[in-house]
Amino acid sequence: MNDENRTELAKGYEHREVEARWYPFWKGRGYFHGDERDRSRPAFSIVLPPPNVTGSLHLGHALTATLQDVLVRWKRMSGFNTMWLPGTDHAGIATQMIVEKELKRTEKLSRHDLGREKFLERVWAWKEKYGSRIGEQHQALGAALDWERERFTMDEGLSRAVREVFVRLHEEGLVYREKKLINWCPDCHTALSDLEVEHEEAHAGELWSFAYPLVDPPAGGPSEIVVATTRPETMLGDTAVAVHPEDERYRALVGRKVRHPILGRELPIVADAILVDPKFGTGAVKVTPAHDFNDFEVGKRHALELIGVIGPEGRMTAEAGPLAGQDRFEARKEVKRLLAEAGFDRGAKPHVLPLGRCQRSQTVLEPLLSDQWYVRIEPLARPAIEAVEQGRTRFIPESWTNTYMAWMRNIHDWCISRQLWWGHQIPAWYCPEGHVTVARETPAACSTCGSGALRQDEDVLDTWFSSALWPFSTMGWPRENETLRTWYPTSVMETGHDIIFFWVARMMMMGIHFMGEVPFRTVYLHPMVRDEKGQKMSKTKGNVIDPLVITEQYGADALRFTLAALTAQGRDLKLAKERIEGYRAFANKLWNATRFALMNLEGFEAGAGGAEAATPADRWILARTQRAVNETVGALEAFRFNEAAGTVYQFVWHELCDWYIELAKEALYGDDAGKKGAAQATLVRALSTALRLLHPFMPFVTEELWSVLRTKVRAEDWPDSILASSYPAPGPVDEAAARGFGPVIGIVDAIRNIRGEMNVPFKVVLDDVEIGSLDAEAARTVGEELGRIHRLANVRGARVHAAGVAPARRAASTVAVGAGFELRVGLAGAVDLEAEKARIAKEIDKVAQDLAALERKLANPSFVQRAPPEVVEKDRARADELREKRGKLDAHRVMLSVTEDSLDAKSPRREEPMENQNPQPPTTGEVVMEKLDKAASTVGEASKAAASAVASGFESVVAQAKKAVKKVRRKVAKKKPARKPARKPARKPARKKAAAKKVAKKKPAKKKPAKKK
RNA sequence: GGGCGGAUAGCUCAGGGGUAGAGCGUCGCCCUUACAAGGCGAGGGUCACAGGUUCGAAGCCUGUUCCGCCCACCA
């Protein structure tokens, strides 16, 4: 953009320089803004899960942003009217705690020192200061968010929506206030919902027993009753002892009384079949209705007194008598001491128990009796269950459906009031008479008695209450409007599965209740991001990674691609730096592929009507391109991000770069204008398709490359932003073109393999290559593409036989048998007989193994009868193929032993590279070989025939072949024995040694597959 | 206590009734004029264990052992 007409690229990709430029460009062009009045295109909308306003993004957020951006950019390019709504959450407790902590640290003040109003001013100031960071981070990641629609849960509009919902629910009787036991955090000093309780699975505690003396022991009966508890301090609030009604041990005691050993009051012994398990402990339970959820129910059943002995601070109340004012854990020790002194201690044993802790502060929670507001949830849950049952909303991965259902079907009323200052203050007012007025706007008088002395409820709502409205409150609800009409329900809810209950379920309930329709069609739940050790990232663990740090180091594209590539369904995601490095290299690869194109597109103009796909190679890459498009789009539609990313990666790197670009050089560097133009057109088409496929994953680098490429090829019909171009469309793949090119690839691979195995460096030209055993089509293709084969394998003058003709058998050659072709590479002096024998033996061994397995299978009558015919047919065909291959390889092996017998294998090898050897008159050696060759083809035929007799195994083939060979050998022997053929200079000793070492080294390693553990 | 998921190459993980895959790492060989953040090649696996279903199981079923996670008011 700085230089609009740039058509060249730097040598390597510098993400810092490139990424800085594009976000303002996109945003400035309005590409991220959806138009609610546009009905010409299908709508696609996502609301971003609002991060906590005072936080900063971690990798989980980066994953959220990435996946959603992939969807949004993909849909936008696919012709949808997209809208992705950003915003932040006020995050009640979390934010208040941060600001309180800061206040304490810097000014040594508590919020109470400041007072509510002043404190809230501080929180707002904090929000203004840090809230923008979230936006910056999203921009750095490239998120195509519609910033004009940014919302905050406590802004004007959303606050109105919150009050509206609260009041309506209250009017409908679905919001109520009641005094009951709730989970209380003595540290955060507020009530919590069930969801905010973290259950410590197995806390190592103790089960302590003590005796309650009977006030009026039955004659001849016990004088006390022993109870067990994990919380001795609560005995100060005990108001009964419960036993099982059918427990013989205690039958006589029910209805009698015990005396409280510390406080002196009398407690009834009650029978309760629900609470008491006669097999646990002593079968008698102390009952503390004010501090235990089970006991609370018992209290209701037996009309027991509620005595609160622990206060909001976690200290003992006046009701605790002598222990009043003590911390609850101190009191625990004290109670034990007092009872022991008084002789009531009956021992203790270790006991593991579940323990509820505060999600925020990790403090052990205290069940506390208090007045709180609740949402009657069952009437809201039922329709939300039905919506999923009916498929109006579907979960991906599907397994989350069960989780959602199980929770919804067993849901408890939702405690929504919090004793905090930061949040939506509850729109309820109290008059001195105690009447409650719930209203949308501050009322002037009590709705019951008309009193003007109103005081608003000091509590605020659970932060998730406003979050639950997010999909519609952000779109202007309760006002009817175009935004809602266009984009509600949203298309996808994409978030982490950790907030399925907190958020997803509640949005479902509220959305259905207030909008009459589900808030989203699809819920895609992504995995949790963990660190390299598999630990969940959290601030307390200190293993949080700031996405900006990674973005700075590796580039946003690399991070995004990594996250997408690792997002497989149903598993957590472990992020390792090596992966990011790998994908940074991928961005660089793409950069350089484009750079290559730019350097080779002289004279080419897109839209000039140049011929495309003139050659099999061109048609091949275009077929592969289409296949990649189909697979990528298919994967995206199924939310298989890892597959989409993997497909494009594979295509770009291994097909476009490794193959096509290398293939194209033949035409691009050549003189054939037609072929050159076609190669250019094909390259541009494949590359531009790849850029568009990749854009949702790697927006920055693709935009940069698109702009340069577009300038270079003067493609006026390309939009000047890749984001405005269209996503490649799925379509039929030219399978024939894809398949037809197979032999070319196979042949190049085979020659490269031979080079590797035989230690022939690439720079040594192979000038004796024969290609045969092709079918008609392959013969044509290979003939046509011979130039490319020459270039890719560094071969000169390869001979391609007519269809059906096999390469000749020749000594000092190495062969390869592939699918649909057979190859002979004459290596003259370069053949290391031992190495080649080993190579062939290995190959034969593998073929034999595969074949044996197949034949066993095919010999099984029930397989042939019962397996699908096409499977059987496929296996038969493959068996035939393997047999043929084995025959050919075996013939070659025979050839090798002949060579060994007849020629001096140890003859010195030449020193200079072969490419310096121009064709020259046949040497004596060659004449000899010629003869050998003829005979050998006979051998080849014989062995082939034998091989096709299948099960006979190699030995008979070898025997036959050897016989035939002997004849030849005698003949040859009569001629002058080949003494030092001219074309056989000595081999580099070093190399030979290395090769020998390699073989020697390999053997033992192979036998023992190093099995540890 | 209930539920869900996992165990596949040295590492990180895909796959999922019909020839075991990728990336990284390892080992060779190459600075071949897009890219050494690269190219070419190679090696590497009783798919946790035990049964079962099937012509055929790494995959499906049952059980076992480990490892995660979620839900849960047994003193």
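Every chain is numbered from 1, with letters handed out A, B, ... down the list of sequences. Just so it is clear, the structure is predicted and the values come from calculations on it, not from any experiment.
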ask   = How about Tyr583(A) and Tyr554(A): are their ring centroids closer than 6.0 Å?
value = no
message = So, OP1 or OP2 of rC71(B): does either fall under 4.0 Å of a side-chain N or O from His412(A)?
response = no
query = How is Asp658(A) classified with respect to the nucleic acid when contacts are heavy atoms under 4.0 Å: base, sugar-phosphate, or nothing?
reply = sugar-phosphate
inquiry  = Closer than 4.0 angstrom, basic N to acidic O: yes or no for Arg878(A) and Asp875(A)?
reply    = no
ask   = Any side-chain N or O of Tyr13(A) under 4.0 Å from OP1/OP2 of rG38(B)?
value = no
ask   = Salt bridge or not for Arg788(A) and Glu666(A), using N-O below 4.0 Å?
value = no
inquiry  = Just N and O in the side chain of Asn753(A): are any of them under 4.0 Å from OP1 or OP2 of rA42(B)?
reply    = yes
inquiry  = I want to check one thing: is the phosphate of rC30(B), taken as OP1 and OP2, less than 4.0 Å away from some side-chain N or O of Lys763(A)?
reply    = no
inquiry  = By the 4.0 Å heavy-atom rule, please label Arg584(A) as base, sugar-phosphate, or nothing.
reply    = base
task = Looking at every strand, decide which applies to Asp749(A) at a 4.0 Å heavy-atom threshold: base, sugar-phosphate, or nothing.
result = sugar-phosphate
inquiry  = Under 4.0 Å from OP1 or OP2 of rA34(B): is there any side-chain N or O of Lys665(A) that close?
reply    = yes
message = Within the 4.0 Å heavy-atom criterion, would you say Leu353(A) contacts the bases, only the backbone, or no part of the nucleic acid?
response = sugar-phosphate
note = Exactly one of Leu59(A), Asp498(A), Leu63(A) clears side-chain contact (heavy atoms from CB on, under 4.5 Å) with Met528(A), and that residue is Asp498(A)
message = Under 4.0 Å, heavy atoms only, any strand: does Trp208(A) hit a base, just the sugar-phosphate, or nothing?
response = nothing
message = Just to be sure I understand the rule, does Thr229(A) reach a base, reach only the sugar-phosphate, or reach nothing, if contact means heavy atoms closer than 4.0 Å?
response = sugar-phosphate
ask   = Are OP1 or OP2 of rC69(B) and a side-chain N or O of His497(A) less than 4.0 angstrom apart?
value = no
query = For residues 645-655 of chain A, which residue pairs qualify under salt bridge (charged side-chain N to carboxylate O under 4.0 Å, His left out), counting only residues two or more places apart or in two chains?
reply = Arg624(A)-Glu655(A), Arg627(A)-Glu655(A)
request  = Write down the distance between NZ (Lys11(A)) and P (rC35(B)), rounded to a whole number of angstrom.
outcome  = 5 Å
message = It should be established whether Trp400(A) places a side-chain nitrogen or oxygen under 4.0 Å from OP1 or OP2 of nucleotide rC71(B).
response = no
ask   = Do any side-chain nitrogens or oxygens of Arg866(A) fall under 4.0 Å of OP1 or OP2 in rC55(B)?
value = yes
inquiry  = Output the rounded distance in Å from NZ (Lys279(A)) to P (rA75(B)).
reply    = 16 Å
query = Are the ring centres of Tyr13(A) and Trp591(A) closer than 6.0 Å?
reply = yes
request  = Send over the distance from Lys857(A) NZ to rC55(B) P, rounded to a whole Å.
outcome  = 14 Å
query = When we call it a touch if two heavy atoms are under 4.0 Å apart, what does Asn860(A) touch: a base, just sugar-phosphate, or nothing?
reply = sugar-phosphate
message = At 4.0 Å (heavy atoms only), tell me whether Leu9(A) reaches a base, stays on the sugar-phosphate, or touches nothing.
response = nothing
query = What pattern of brackets, bars and dots sums up RNA chain B from 5' to 3', given Watson-Crick or G-U wobble pairs under 3.5 Å, [ ] for crossing pairs and | for another strand?
reply = (((((((..((((....[..)))).(((((.......))))).....(((((..]....))))))))))))....
remark   = Quick note, side-chain hydrogen bond (donor to acceptor under 3.5 Å, both in side chains) partners involving residues 228-237 of chain A, not counting sequence neighbours, are Arg231(A)-Glu233(A), Arg231(A)-Glu366(A), Glu233(A)-Arg332(A), Thr234(A)-Lys286(A)
note = When rounded to whole Å, the CZ to C1' distance for the pair Arg752(A) and rC29(B) reads 13 Å
message = Applying a 4.0 Å non-hydrogen cut-off, can you work out what Pro861(A) is touching in the nucleic acid: base, sugar-phosphate, or nothing?
response = nothing
query = Does the base of rA34(B) carry an N or O that pairs as donor and acceptor with the side chain of Glu662(A) under 3.5 Å?
reply = yes
